[in-house]
Amino acid sequence: MAKPAQGTKYRGSIHDFPDFDPSRDAEALYTAMKGFGSDKEAILELITSRSNRQRQEICQSYKSLYGKDLIADLKYELTGKFERLIVGLMRPLAYCDAKEIKDAISGIGTDEKCLIEILASRTNEQIHQLVAAYKDAYERDLEADIIGDTSGHFQKMLVVLLQGTREADDVVSEDLVQQDVQDLYEAGELKWGTDEAQFIYILGNRSKQHLRLVFDEYLKTTGKPIEASIRGELSGDFEKLMLAVVKCIRSTPEYFAERLFKAMKGLGTRDNTLIRIMVSRSELDMLDIREIFRTKYEKSLYSMIKNDTSGEYKRALLKLCGGDDDAAGQFFPEAAQVAYQMWELSAVARVELKGTVRPADNFNPDADAKALRKAMKGLGTDEDTIIDIITHRSNAQRQQIRQTFKSHFGRDLMADLKSEISGDLARLILGLMMPPAHYDAKQLKKAMEGAGTDEKALIEILATRTNAEIRAICEAYKEDYHKSLEDALSSDTSGHFKRILVSLATGNREEGGEDRDQAREDAQVAAEILEIADTPSGDKTSLETRFMTILCTRSYQHLRRVFQEFVKMTNYDVEHTIKKEMSGDVRDVFVAIVQSVKNKPLFFADKLYKSMKGAGTDEKTLTRIMISRSEIDLLNIRREFIEKYDKSLHQAIESFSQGVPSQDIDK
């Protein structure tokens, strides 16, 4: 079993087996593999119940007793993913890593993700053991093989990491922190081109504790996290490697939780990644990985493995996982710290919002109006021309085209478009032609029309718009439908949900900064209404009103501080607690507000992903978000989408959407 550092608690899921007898275990494994077929259950149970140190003793006893190599026998008896997992467990960690890297650089092509995962996450000692194991197992020099199979700055950073010379965590200098921040800023943001050598030297050699201080100071100095600068300045495998290094500096368990989630989400499972991580972390930090996994993804690692795998392979993985944490909301210290840091990052980051549609250069509304008229005249419709013009003009320019079209031809452009195109394309093009406030007003009207109410659409719009946008929507609603939005909401919804929507529809959210004393009071109210405060006070009706007022009227900056104080006060995260303690539409609207406060582009990225997930596509949600965010923050949404889901929004739309030309808006 791996020994924890002095003064730290063991966080692995596999422990030394009590009353261990290597000879008895060797005999049991021999019996399980003797004769026709093998007792896979016995093999699984024994090997996953022993620490790696004990497995090495079993290997030795097996050879002494039977003159045979245990790993070779296991390879012969077992097959597929189960064999790969069991054989991986039988190797010492350094030799397991060496085998993974050898496989990654052998044959045609290179598994860069494997190289990145191992070399970005291992400690100095683990790197030194890996290099020695590689030399022993393959009689080759690992550095020379890496150099032979990679190139450029990616290769240089891998070689730096292979030295295993990162400074110890007690090496921290305040002056050097400031200097490193300045050097990184000048090497990237302030330089024409990028000085990659500075990034390699600082991120490859400084201690973890020092770099955490550098990242904090970088955010305060530049207004953006170091990850944003890396994405903007670097590219390809080098960019991915540097982002992995940063993630491991911030929290190695969180890095592996994310890798595990991505290995199992969507269609198919990346079994090599799943096996490698479960084997390599089972005696290091699996408990921390489990806690963070539950925190970030609202499900336990155990349940995701259980639903994504099968047979002996599944049972072995679940044994390595060590237990089910399916109690959403409550955190252990490591996970609570991560949640707090998420809110801290949200509180201090100054993110520049960017749309993907910009005003066209050399804009000529007269030429555009004529081109659109020509595209709709005669037999058939030139849809490509319509798409090209409308998706490459800003909304303000589209309004000019509408006016010019009417002046030239005495016709209503919107009416002509309606008669010429249909279906999802019509919904998209006609939506783009409407002024934003009138488009949102129409979406709200549709959400409340007919039998049933589309609560998700109401929540999405009212929980995410700014005060100015809300007021413009109210005016547009009154103008278009001769009824106030407040009256419409009051007629179509009820109870607490109605009160929340009406409050949001007033557009009276505070726009100032944070008040720390008030934030602590607000956090206490949240703790009491969510029934996790130590000393509840006040009647519930009063608390509910105060909680609604806090979420619906406090400024985003103030709410970020409230949610941080909530974590400090309760050891819970407010979003997960709302999901656990509340239900129905009230829960959904409060969660939407919290997610919007935390990271609005990520909120929309999640909505887009869900609109395209599974059988069929929710074209209404997809179209509504692509239209409404195209000139506000769609570029930011794209970045969040690829970061979380490992594919671009463009790829997702191409895969899932039929006939909706959103790729033009997404470029």
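From a predicted model like this one, the values you see are computed outputs, not experimental measurements.
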What I'd like to find out is whether the side chain of [X] reaches to under 4.5 Å of the side chain of [Y], using heavy atoms alone.
X: S280; Y: R122; value: yes
X: N272; Y: C114; value: no
X: L85; Y: V279; value: yes
X: L176; Y: H210; value: yes
X: H15; Y: S51; value: no
X: K99; Y: D103; value: yes
X: L649; Y: L634; value: yes
X: L559; Y: I550; value: yes

Whether the [X] and [Y] side chains hold a donor-acceptor pair (N or O, under 3.5 Å, no angle test) is what I'd like checked.
X: Y95; Y: D136; result: yes
X: Q178; Y: Q182; result: no
X: Q179; Y: D175; result: no
X: Q595; Y: N599; result: no

salt_bridge([X], [Y]) N-O dist < 4.0 Å:
X: R560; Y: E514; result: no
X: D633; Y: K354; result: no
X: E227; Y: R250; result: yes
X: D285; Y: R11; result: no
X: K135; Y: D141; result: no
X: E258; Y: K247; result: yes
X: K644; Y: D606; result: yes
X: E643; Y: K262; result: no
X: E196; Y: K156; result: no

Next item on the list: Show the numbers, then the answer: is there a salt bridge (charged side-chain N to carboxylate O under 4.0 Å, His left out) between K220 and D216?
Entry: CA-CA 7 Å; K220 291 174 189 171; D216 290 346; over 6 Å; no

Next item on the list: Give the intermediate values and the outcome of side chain to side chain contact (heavy atoms under 4.5 Å, CB included) for residues I578 and V594.
Entry: CA-CA 10 Å; I578 289 170; V594 172; 3.9 Å; yes

Item checked: Steps toward salt bridge (charged side-chain N to carboxylate O under 4.0 Å, His left out) verdict (R509, E511) -> CA-CA 6 Å; R509 186 176 293 282; E511 296 183 344; over 6 Å; no

Checklist line | F256-F293 aromatic ring centre distance below 6.0 Å | finding: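 Centroid distance F256-F293: not below 6.0 Å, so no.
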
Notebook entry, point to check: Between H153 and F199, is the gap from one ring center to the other below 6.0 Å?
Noted result: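 No - the distance between ring centres of H153 and F199 does not fall below the 6.0 Å cut-off.
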
Note to self: For a side-chain hydrogen bond (donor to acceptor under 3.5 Å, both in side chains) check, start with the C-alpha distance between Q198 and E186, then their side-chain angles and the critical distance, and finish with the verdict.
What the structure shows: CA-CA 9 Å; Q198 280 286 19; E186 290 177 357; over 6 Å; no

Check: When you look at D145 and Y138, which way does the side-chain hydrogen bond (donor to acceptor under 3.5 Å, both in side chains) test go after all the steps?
Finding: CA-CA 11 Å; D145 282 359; Y138 306 110; over 6 Å; no

Margin query: Once you measure the plane-to-plane angle for Y297 and F261, does it fall in the parallel (<30°), tilted (30-60°) or perpendicular (>60°) bin?
Written below: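 Ring orientation of Y297 relative to F261: parallel.
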
Check: Once the angle between the rings of Y609 and Y645 is folded into 0 to 90°, is it parallel (under 30°), tilted (30 to 60°) or perpendicular (over 60°)?
Finding: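 Because their plane-to-plane angle is under 30°, the rings of Y609 and Y645 count as parallel.
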
Checklist line | With E117 via salt bridge (Lys or Arg N to Asp or Glu O under 4.0 Å) - residues at least two apart | finding: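 Per chain and number, E117 pairs via salt bridge (Lys or Arg N to Asp or Glu O under 4.0 Å) with R259, R276.
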
Notebook entry, point to check: Which is it for S229 and Y218 under the side-chain hydrogen bond (donor to acceptor under 3.5 Å, both in side chains) test, yes or no, and what are the steps along the way?
Noted result: CA-CA 10 Å; S229 292; Y218 189 92; 2.6 Å; yes

Note to self: D522 and salt bridge (charged side-chain N to carboxylate O under 4.0 Å, His left out): which single residue from R554, R516, R546 fits?
What the structure shows: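 When R554, R516, R546 are each tested with D522, the salt bridge (charged side-chain N to carboxylate O under 4.0 Å, His left out) holds only for R554.
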
Return yes if some donor-acceptor pair links the side-chain N/O of [X] with the main-chain N/O of [Y] below 3.5 Å, else return no.
X: Q155; Y: T150; value: yes
X: T222; Y: K224; value: yes
X: S303; Y: K299; value: no

Margin query: Y556: which residues meet the side-chain hydrogen bond (donor to acceptor under 3.5 Å, both in side chains) condition with it, sequence neighbours left out?
Written below: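 Testing Y556 for side-chain hydrogen bond (donor to acceptor under 3.5 Å, both in side chains), a comparison that skips the adjacent residues, returns S596.
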
Determine the minimum heavy-atom distance between [X] and [Y], stating which atoms define it.
X: M569; Y: A527; value: SD-CB, 4.5 Å
X: N52; Y: P92; value: OD1-CA, 3.4 Å
X: S300; Y: D324; value: OG-OD1, 2.5 Å

Next item on the list: Just grab all the salt bridge (charged side-chain N to carboxylate O under 4.0 Å, His left out) pairs involving residues 200-211, residues at least two apart or on different chains.
Entry: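 Every pair satisfying salt bridge (charged side-chain N to carboxylate O under 4.0 Å, His left out) with a residue in residues 200-211: E167-R206, D180-R206.
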
Notebook entry, point to check: Hey, what do you get for NZ (K296) to NE2 (H576), rounding to the nearest 0.5 Å?
Noted result: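 It comes to 10.0 Å.
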
Note to self: Once rounded to the nearest 0.5 Å, what's the spacing between atom CD1 of I116 and atom CE of M157?
What the structure shows: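 It comes to 11.0 Å.
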
Check: Going through the checks in order, is the side chain to side chain contact (heavy atoms under 4.5 Å, CB included) test met by L203 and I230?
Finding: CA-CA 11 Å; L203 294 182; I230 288 172; 4.2 Å; yes

Note to self: Using salt bridge (charged side-chain N to carboxylate O under 4.0 Å, His left out), reason through E112 and K240 one step at a time and then give a plain yes or no.
What the structure shows: CA-CA 9 Å; E112 290 86 1; K240 292 172 186 171; over 6 Å; no

Margin query: Set out, in order, the CA-CA distance, both residues' side-chain angles and the distance that settles side chain to side chain contact (heavy atoms under 4.5 Å, CB included) for I101 and L130, then state yes or no.
Written below: CA-CA 10 Å; I101 286 185; L130 161 61; 3.8 Å; yes

Next item on the list: Quick one: do Y572 and L530 satisfy side chain to side chain contact (heavy atoms under 4.5 Å, CB included)? Show the steps, please.
Entry: CA-CA 11 Å; Y572 287 65; L530 295 170; over 6 Å; no

